Amino acid sequence: MLIKNADDIRSSEITPKSLYLNRRKFLAGAAIAGTAAATGLGLRQIVSPSVSVLAGNMAGNTAGNKIDGIQKSPFSTTEAITPYKDVTNYNNYYEFSTDKDGPAKLAQNFRTRPWKVKIDGLVEKKQELDVDAIIKMAPPEERIYRHRCVEGWSIVVPWVGFSLSELIKRVNPTSKAKFVEFTTILDPNQMPGQRRQVLDWPYVEGLRMDEAMHPLALLCFGMYGEELPKQDGAPIRIVLPWKYGFKSAKAIVRVRFTDKQPLNTWNIAAPNEYGFYSNVNPNVDHPRWSQAKERRLGEFFKRPTLMFNGYDQVASLYTGMDLKKNF
Ligand SMILES: Nc1nc2c(c(=O)[nH]1)N[C@H]1C(S)=C(S)[C@@H](COP(=O)(O)O)O[C@H]1N2
Ligand SMILES: [Mo]
């Protein structure tokens, strides 16, 4: 659980050894790649027109199908991208496992096609959309975002997707819709973690409509220039870089528009610890640990956590709100 892992972090205060080892391998790999490029063997890296493929190669070997026509985004950070190996082997995905290294193995045979997403609630037309129709709604962009887990670790990921607003605009919520709720697939046959009542399944998350319409809110179907790995939420997830990681629900099968603030899974599990808003906020501690600092995976020293994870452009969404109360 988040609870247990946070305790682990507090007691050890170090990045897991496996990550150090991966990091070292990554650095060694980068040195070799450099040599290969110089001798002409790394041609794909040099001639590739796509930043994302470049990001993928620089971050270590990737594994999936490449996404074509990826555009750059002005929202991307220039900070160092976390190695692919780390991002795909250190996951929170309790439907598969509560161990960080569990989802990478246990999600391997998860079926991500065919995949339908139900659109319902306060919309003009309730419908079921094929995930591949959703993915085609707008051109794919690479968004290199910081991601801050409520547990105190962070990563920098070159996600691929487009603004969630592109989907919302196309499905026409009615004027009564004030919130949107996302539901992860419920399939205990495929997801061993769902055979245990670790959380109240299926995983649900929610946003206020203006948050969901903010251009930073990402509908995500790829990373490192490729299709999203299963352990990272394939075939489709959301990514909300100014909020703690648990708001970014994976493997979404339902998008529901509502006039009432939806419940979210972690709020149900521990209402005094995880709120609805969950904006990254170094000034509001978790009841059991400080949120003032974070450790970037692969780094030794902690760095200060920034308000809204550094995404100040969302601040106006919360004008006049007490963010200590609305944590
Ligand atoms: N369905 C579902 N979505 C989820 C989770 C989960 O357990 N189940 N974990 C959340 C948490 S706590 C984090 S930090 C991010 C991790 O995303 P990543 O594994 O791609 O880095 O996914 C979020 N989305
Ligand atoms: Mo998280």
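Heads up: numbering here begins at 1 and tracks the sequence. Model, not experiment: these values are computed from the prediction. Note that ligands are numbered from 1 as they come in the structure, with each ligand's atoms numbered from 1 the same way.
Note on Met213: it clusters hydrophobically with Leu207, by side-chain heavy-atom contacts below 4.5 Å among ILVMFWY residues. Ile268 and Phe327 sit in two unconnected hydrophobic clusters of ILVMFWY residues. Membership requires side-chain heavy atoms under 4.5 Å apart, directly or through other members.
Among Lys250, Glu95, Lys247, the residue whose heavy atom sits closest to atom 8 (N) of ligand 1 is Glu95. Comparing Met191, Lys100, His147, Met223 against atom 14 (S) of ligand 1, the shortest heavy-atom distance belongs to His147. For the residues Thr98, Ile238, Asn89, Asp232, the heavy atom positioned nearest atom 20 (O) of ligand 1 is part of Asp232. Across the listed options Tyr203, Trp266, Tyr274, Tyr93, Tyr203 owns the non-hydrogen atom lying nearest to atom 4 (C) of ligand 1. Of all the listed residues (Asn92, Thr88, Ile185, Asp86), Asn92 holds the heavy atom that lies closest to atom 5 (C) of ligand 1.
With rounding to the nearest 0.5 Å, the separation of CZ in Phe96 from NZ in Lys250 is 9.0 Å.
With sequence neighbours excluded, no residue forms a side chain to side chain contact (heavy atoms under 4.5 Å, CB included) with Asp312.
At a 4.0 Å heavy-atom cut-off, ligand 1 touches Thr184 through the side chain alone. Of the heavy atoms in Val157, none comes closer than 4.0 Å to ligand 1. Proximity of Glu151 to ligand 1, defined as any heavy-atom pair under 4.0 Å, is not found for any part of the residue.
Ligand 1 lies out of reach of Ala251, whose nearest heavy atom is not under 4.0 Å from it. At least one heavy atom of Ile155 sits less than 4.0 Å from an atom of ligand 1. Not a single heavy atom of Gly233 sits under 4.0 Å from any atom of ligand 1.
Taking the six-membered ring wherever Trp is involved, the centroid distance between the rings of Phe308 and Trp242 does not fall below 6.0 Å. Taking the ring centroids of Trp153 and Tyr90, they lie under the 6.0 Å cut-off.
Side chains of Ser154 and Arg296: a donor on one and an acceptor on the other come within 3.5 Å.
The pair Asp210-Arg208 counts as a salt bridge, with a side-chain nitrogen and a carboxylate oxygen less than 4.0 angstrom apart.
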